[in-house]
Amino acid sequence: MVEQFQAPKGTHDILPPESYRWVKLVASFAQVMNRAGYGLVQSPMFEDVGVFQRLGEGTEVVRKEMYDFYDKGDRHLALRPEGTASVVRAFNQYQPTTPWKVWYVTPCFRYEEPQAGRFRQHHQVGAEAVGSADPDLDVEVIATQHDFYQSLGLSSLSLRLNSMGSADDRRTYTEHLAGWLNQRLDDLDEADRLNVAAHPLRVLDSKRERTVQATADVPCITDFLCADAAEHFSRVQAGLQALGVAYEVDTRLVRGLDYYTYSTWEFAAGGLSSAQNAVGGGGRYDGLAESLGGKRVSGVGFGAGIERILLAADAESALEDASANLDVFVVDITGGDVGRDITFELRRHGISADRAFGGRSMKAQMKVADRSGARLALLVGPDEHAQGMVTLRYLRSEAAQISLSRVGLAQQLVAVLAQN
RNA sequence: CGGGCCGUAGCUCAGUCUGGUUAGAGCGCCGGGUUGUGGUCCCGGAGGUCGGGGGUUCAAAUCCCCUCGGUCCGCCCA
């Protein structure tokens with residue numbers, strides 16, 4: 001008995017018809033991003049582990065979820081846990097003119113226990129605008145992400161927005177927050193106390209009842225913004241308002257990655273439980289390029305989880321009709337030569353066409369034709385073959401079947417398809 | 001890393017508590033319902049070492065132990 005393999009823990013195969021939704025989603029994303037002047041970037045799925053370690057030693061992703069390994073040359077590499085670091089690494093490497101506006105679609109890997117909406121390999125679409133600190137780019141990126149969700153028909157999303165201020169602001173606030181929390185350690189949930197020393201910002205993100213109550217009047221990051229950061233935040237908000245992108249300022253919004261400064265945001269799906277309702281988030285990052293050995297430039301971008309988006313789409317019945325939409329199915333019971341030739345003739349004229357294989361009976365072939373979802377069936381039997389004709393049968397209506405000449409078949413079908 | 005649930009036909013599951021004839025259903029698949037025609041209907045068929053191993057027993061899908069896998073919750077994230 002040979003061992004039967006299955007997809008590794010936390011991974012999944014995306015098969016038809018589900019994969020049609022992926023094609024549609026990615027196509028929508030590509031269209032929205034290209035229209036905004038963003039170009040596709042394809043970078044390696046693995047990098048030197050150091051690229052990802054710069055995401056911050058305090059992050060879960062780096063501390064315990066990294067999918068790292070040593071290759072045959074003893075290089076320490078890691079599969080990407082998120083998209084931004086690779087893009088910034090590439091920016092440093094090629095130094096393109098700025099702002100460098102790019103988008104990507106990629107698998108992401110995190111070694112963790114899988115559950116609903118969480119995998120060891122998941123997929124993200126994302127975009128980055130690197131090399132400019134202009135707050136209008138924050139606006140553009142957020143609004144474009146918003147428009148992407150809209151293009152999928154998602155309507156129950158909410159956007160939370162915050163500002164972490166400059167790197168100095170962030171540091172000052174973090175220290176102040178740590179002190180504030182330390183004086184109230186006993187009031188916090190036990191599980192959150194460890195974070196106070198290691199990662200005080202994370203405590204703000206806690207959903208534990210006790211901690212939430214104890215930090216109800218916690219100092220706000222927005223009270224610690226320098227003049228420049230405050231001005232930036234204000235312009236971002238004005239821009240979103242002008243573009244009709246609804247948002248809510250949430251001064252407790254803390255995201256999982258350490259590198260964010262200035263704007264940070266997260267889109268949540270109303271239809272999903274809070275454990276996995278985040279369908280995408282992003283922020284501005286001032287120190288990342290420099291920490292990866294590049295110049296001191298700022299960037300802003302987001303990542304959005306495809307699986308999460310599809311879950312959200314399920315919850316509000318969006319993105320459902322995404323099937324193949326075959327035009328014609330060819331049925332040939334004369335041996336297959338005619339069916340083979342007609343199928344290719346149609347395809348070469350831009351008509352989507354499929355056929356049955358295996359030399360089965362007409363009844364069997366018709367069943368396959370029906371299941372294919374095709375609008376029309378073309379039947380070729382001995383009679384049609386002898387007369388140089390084919391029979392056109394309508395699979396989605398009650399119209400009577402008709403005969404068409406084999407000569408100029410594709411042109412005739414183009415006309416038929418146009419009027420149905 | 002802590003905890004719950006579940007592994008029986010391709011899929012969804014019943015049967016397990018109260019061991020006992022050839023292990024079932026629905027859907028799907030294949031074939032047929034006279035001469036070459038799908039979707040409804042009818043008939044027939046293929047398909048399962050009951051996750052794996054060990055134990056108890058005259059007898060195990062069913063009871064016990066071990067093990068592997070899946071799934072979900074917490075935490076955290078996409």
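All figures in this text were calculated on a predicted structure; none of them were measured in a lab. Below, read A as the first sequence line, B as the second, and so on, with proteins coming before strands; counting in each chain starts at 1. Only this structure's heavy atoms are used, side chains among them; waters, hydrogens and symmetry mates stay out.
- At a threshold of 4.0 angstrom between heavy atoms, the contacts of Gln121(A) with the nucleic acid are absent.
- Across the strands present, rG39(B) finds no partner; the criterion is a Watson-Crick or G-U wobble pair with both atom distances under 3.5 angstrom.
- Note: Tyr262(A) and His232(A) have tilted aromatic rings, judged against thresholds of 30 and 60 degrees for the angle between ring planes.
- On the C1' atoms, rA59(B) is 29 Å away from rG69(B), given to the nearest whole Å.
- The side chain of Arg393(A) lies closest to rG39(B), out of rC76(B), rG39(B), rG70(B).
- As judged by a 4.0 angstrom heavy-atom cut-off over every strand, Arg396(A) is placed among the base-contacting residues.
- Across all strands, Lys367(A) comes closer than 4.0 Å only to sugar-phosphate atoms, never to a base (heavy-atom distances).
- Neither side chain, Trp265(A) nor Asp138(A), offers a donor N or O lying under 3.5 Å from an acceptor on the other.
- Rounded to a whole angstrom, the distance from the C1' atom of rG70(B) to that of rG52(B) is 15 Å.
- Among the heavy atoms of the strands, none lies under 4.0 Å from Glu82(A).
- If you check every strand for non-hydrogen atoms under 4.0 Å, Asp383(A) touches a base.
- Looking at heavy-atom distances under 4.0 Å, Glu112(A) makes contact with a base.
- Looking at Glu65(A), Glu113(A), Glu112(A) one by one, the single match for salt bridge (charged side-chain N to carboxylate O under 4.0 Å, His left out) with Arg120(A) turns out to be Glu113(A).
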